[in-house]
Asker: 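This is the structure I have questions about; it appears just below.
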Amino acid sequence: MAKRSSKGIVAAATESKVHPLFPTASGWDPLGGEERRDQSYLRTVKPQNANQKLLMDAIKAHNLVMALGPAGTGKTYLAISAAVEALEEGGVDRIVLSRPALEAGESIGYLPGDMHEKMAPFLRPLYDALTERMGAKRLRALMADGTIEIAPIGYMRGRTLNNAFVVIDEAQNCTYSQIKMLLTRLGWHSTMVLTGDPDQTDLLDNLSGLADIARRLEAVEGIAVARLTEKDIVRHPLVASMLTVL
């Protein structure tokens, strides 16, 4: 039997009238043009804009940093990257991660399992960033020996976090009293970074304490408040467009 000619198929594909919504020629690429491969290695993180550079410099120069800005500006990723870098260089002995266990507008009910299993869905964004920075295998090993610790906000009272890099994510979902309690956990030779978007709180009106505390601490010497804007968003371009009208 003679082989079927594939010329018709090639021609049809070539003449397709389907065009990508965001052509590659536009220059935008979520990976910045890098080859897509397994992110199981430690790579240098470079700022994508001026405000990200200010945030990275602030984390290096201050022991307490508050990073405020809309979704997609790289607040959490840069904080995690700085934590991993500090751990690799021996600047800290451990990384402590905390995030409010608050559903985004819907009730998911009671979660089964121990504390780590209950907190896992809420800490998924932090796990993703850590996995990209150091690889899944090493992350599991460091969590197993306590070098990377998951600390629910409700269990932080009374602790003093020495020789640690502390990341408090989604701080807009913390009340004024909770943030005050978290800030006073800072111990010797430690760095704490709070990240959040005051405009995206899941708390009732006027309950979030992030914006108020950031305004108060901005005048305190030794504390940095980095503010990112819609222009600093490094996710899909439509994210920045939507946030200007939503």
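Computation of the quantities below employed the complete heavy-atom set of this structure, encompassing side-chain atoms and omitting hydrogens, waters and symmetry-equivalent molecules.
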Asker: So which heavy atom on V234 is nearest to which on G74, and how close?
Answerer: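 Heavy-atom minimum between the residues: CG2-N, 4.5 Å.
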Asker: Counting N and O atoms only, with roles assigned by atom type, does the side chain of K75 sit under 3.5 Å from a partner on the main chain of G196, one being a donor and the other an acceptor?
Answerer: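 Here the side-chain-to-backbone pair does not exist.
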Asker: Taking all heavy atoms of S190 and all of N163, pick out the closest pair and write down the distance.
Answerer: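 Smallest heavy-atom distance, with atoms named: OG-N, 3.0 Å.
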Asker: Any chance you could measure L182, atom CG, to K180, atom NZ, to the nearest 0.5 Å?
Answerer: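 If I round to the nearest 0.5 Å, the distance is 12.5 Å.
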Asker: Determine whether L55 and N51 make a side-chain contact, defined as any pair of heavy atoms from C-beta on separated by less than 4.5 Å.
Answerer: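 They are not in contact (no side-chain heavy atoms under 4.5 Å apart), so the answer is no.
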Asker: Measuring only between side-chain heavy atoms, which start at C-beta, is M134 closer than 4.5 Å to L142?
Answerer: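 Counting from C-beta outward, M134 and L142 do come under 4.5 Å.
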Asker: For atom CZ of R215, is the number of surrounding heavy atoms from other residues, nucleotides or ligands below 6.0 Å larger than 12?
Answerer: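 Count over threshold, so yes.
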Asker: Taking the side chain as every heavy atom from C-beta outward, state whether I153 and M181 have any atom pair closer than 4.5 Å.
Answerer: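 Touching, per the 4.5 Å side-chain cut-off.
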Asker: Is V220 reachable from V225 through a run of I, L, V, M, F, W or Y residues, each pair having side-chain heavy atoms under 4.5 Å apart?
Answerer: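 Linked, V225 and V220 end up in one cluster.
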Asker: Nearest 0.5 Å, what's the CE-CG distance between M192 and N63?
Answerer: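 Spacing of CE (M192) from CG (N63) equals 10.5 Å.
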Asker: To check you understand the geometry: which heavy-atom pair defines the closest contact between M66 and A214, and what is its length?
Answerer: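 Of all heavy-atom pairs spanning M66 and A214, the closest is SD-CA, 3.8 Å.
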Asker: Before you tell me yes or no, could you show the steps for L64 and V193 under side chain to side chain contact (heavy atoms under 4.5 Å, CB included), namely the whole-Å CA-CA distance, both residues' side-chain angles and the distance that decides it to 0.1 Å?
Answerer: CA-CA 6 Å; L64 178 57; V193 180; over 6 Å; no
Asker: I168 versus T195: any side-chain heavy-atom pair under 4.5 Å?
Answerer: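 When only atoms from C-beta onward are counted, T195 and I168 do not touch, as no gap falls below 4.5 Å.
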Asker: Between atom CD of E230 and atom OG1 of T73, what is the distance when rounded to the nearest 0.5 Å?
Answerer: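 Going from CD on E230 over to OG1 on T73, the span is 9.5 Å.
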Asker: Using a strict 4.0 Å threshold on nitrogen-to-oxygen distance, state whether R133 and E88 make a salt bridge.
Answerer: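 No, this pair does not count.
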Asker: When you check the gap from the basic side-chain N to the acidic O, do D57 and K60 get nearer than 4.0 Å?
Answerer: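 Result for this pair is no, no salt bridge flagged.
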Asker: Between I59 and A79, what is the shortest heavy-atom contact and its length?
Answerer: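 Minimum heavy-atom separation between I59 and A79: CD1-CA, 4.3 Å.
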Asker: Let me see the working for L217 and L183 under side chain to side chain contact (heavy atoms under 4.5 Å, CB included), right down to the final yes or no.
Answerer: CA-CA 11 Å; L217 294 182; L183 294 175; 3.6 Å; yes
Asker: What heavy-atom pair brings E170 and P100 nearest, and what distance separates the two atoms?
Answerer: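 That closest heavy-atom pairing would be O-CG, 3.4 Å.
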Asker: Would you name the heavy atoms of S208 and T201 that are closest together and state the gap between them?
Answerer: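 Residues S208 and T201, closest heavy atoms: CB-OG1, 3.7 Å.
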Asker: Carefully, step by step, assess L194 and V65 under the rule side chain to side chain contact (heavy atoms under 4.5 Å, CB included).
Answerer: CA-CA 6 Å; L194 279 79; V65 178; over 6 Å; no
Asker: Rounded to the nearest 0.5 Å, what's the gap from CG on N173 to CG on D202? Could you check?
Answerer: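 Here the interatomic distance stands at 4.5 Å.
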Asker: I'd like to check Y77 versus E132 (side-chain heavy atoms, cut-off strictly below 4.5 Å). Are they in contact?
Answerer: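 Of all side-chain heavy-atom pairs linking E132 with Y77, at least one is under 4.5 Å.
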Asker: Is it the case that the side chain of Q200 and the backbone of D197 share a donor-acceptor pair, with hydrogens and angles ignored and the cut-off at 3.5 Å?
Answerer: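 Looks like no, no N/O pair under 3.5 Å.
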Asker: Between Y127 and I150, is any pair of side-chain heavy atoms under 4.5 Å apart?
Answerer: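 Result yes, sub-4.5 Å side-chain heavy-atom pair found.
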Asker: Can you find a heavy atom in the side chain of V166 that is under 4.5 Å from one in the side chain of L186?
Answerer: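 They are not in contact (no side-chain heavy atoms under 4.5 Å apart), so the answer is no.
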Asker: Return the CG to CD distance between L210 and Q172, rounded to the nearest 0.5 Å.
Answerer: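 So the CG of L210 and the CD of Q172 are separated by 7.0 Å.
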Asker: Check step by step if side chain to side chain contact (heavy atoms under 4.5 Å, CB included) holds for L126 and T76.
Answerer: CA-CA 7 Å; L126 304 183; T76 300; 3.3 Å; yes
Asker: Taking C-beta and beyond as the side chain, do Q52 and L228 meet within less than 4.5 Å on heavy atoms?
Answerer: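 They are in side-chain contact.
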Asker: Distance from E149 atom CD to S98 atom OG, nearest 0.5 Å?
Answerer: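 Here the rounded value is 9.5 Å.
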